[in-house]
2 protein chains.
Amino acid sequence: MRKKTRALSDEALSLVARRFAILSEPMRLRLLHSLVNGEKSVNTLVESTGGTQANVSRHLQTLADAGLVKRRKEGLQVFYSVADPSIFDLCELVCGSLEKQLAQRASIFG
Amino acid sequence: MRKKTRALSDEALSLVARRFAILSEPMRLRLLHSLVNGEKSVNTLVESTGGTQANVSRHLQTLADAGLVKRRKEGLQVFYSVADPSIFDLCELVCGSLEKQLAQRASIFG
DNA sequence: TGACTATATGCGCAATGACGCATGTAGTTG
DNA sequence: CAACTACATGCGTCATTGCGCATATAGTCA
């Protein structure tokens, strides 16, 4: 081994960045959160998130393309479910970090 | 408690999304990776990442605004260091998830 | 003060992505 | 087949953001 940590390959970096980008949209986070207790149909998700049908569908497509959710068709309806539970670990880590930051800021201001 | 998980507030959702957005840029990930072993000056980071000075500076600004890195000025130079090590946990989680996905795809095709 | 170095920033361009609207497609039921 | 439902998608628009270029600022040294 020459360099212990050689320059990260552009591809690897792009993959990781892309994964974070998928999670950088409030509506997609909302959808994932709605799916935390199991699969739901698109219509159910539309109602629980308050988004338009078109927008919800597109975001679900994005999540599915990234492999974060799974699609299951049953008759007229399509059910989506979380394919990669590690997403929630990610969100918890971020939330914890944000809480720490807010707590610090709060202590600064009083 | 009425609803165990009430609709996530827009503000909270935006904060989390914003945090993910910060991490969704390859150059910023590269910068953070360069900082894994301790603080570095902007010039050092320019060299180790291969970016332009202006671009590196701006990305560092973005990371600093988000509270992910700390700024320390010493004479002419400015040293940046990781302020929130949980970032690396995030990246490892994502990498692990991506590896799993790739392994699955590989097994499908071969 | 003036020259030099290290870093930051204003500006313009190009690419990306989210959204709404309308429409397309698949499946069900009569 | 026609009508209906659930979902997907093409298109146009708008806002955001990354980048390069040039320039500004801050600190050092002669």
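Keep in mind that what you see is a predicted model, and the values were worked out from it rather than measured. First the proteins, then the strands, lettered A, B, ... as listed; each starts at 1.
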Task: Lys/Arg N to Asp/Glu carboxylate O, B:Arg30 vs A:Asp10, below 4.0 Å - done: yes
Per the under-4.0 Å heavy-atom filter, residues of residues 62-81 of chain A near DNA chain C come out as A:Lys73, A:Gly75, A:Leu76
Rounded distance in Å - [atom1] ([X]) to [atom2] ([N]):
X: A:Asn55; N: D:dC7; atom1: CG; atom2: P; result: 15 Å
X: B:Asn43; N: C:dC4; atom1: CG; atom2: P; result: 18 Å
X: B:Phe20; N: C:dG17; atom1: CZ; atom2: C1'; result: 18 Å
X: A:Leu29; N: C:dA18; atom1: CG; atom2: P; result: 11 Å
X: B:Arg58; N: D:dT25; atom1: CZ; atom2: C1'; result: 15 Å
X: B:His59; N: C:dT9; atom1: NE2; atom2: P; result: 15 Å

Whichever of A:Gln53 and A:Ser24 has the more 5' nearest nucleotide on DNA chain C, that residue is A:Ser24
**Prompt:** Is there a path of hydrophobic side-chain contacts, each under 4.5 Å between heavy atoms of I, L, V, M, F, W or Y residues, that connects B:Leu68 with B:Leu15?
**Reply:** yes
A:Arg19-B:Ser97 side chain donor-acceptor pair, cut-off 3.5 Å =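 There is such a pair (donor and acceptor under 3.5 Å, judged by atom type) between the side chains of A:Arg19 and B:Ser97.
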OP1 or OP2 of C:dG17 versus the side-chain N and O atoms of A:Arg18: is any pair under 4.0 Å?
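Answer is yes, contact under 4.0 Å.
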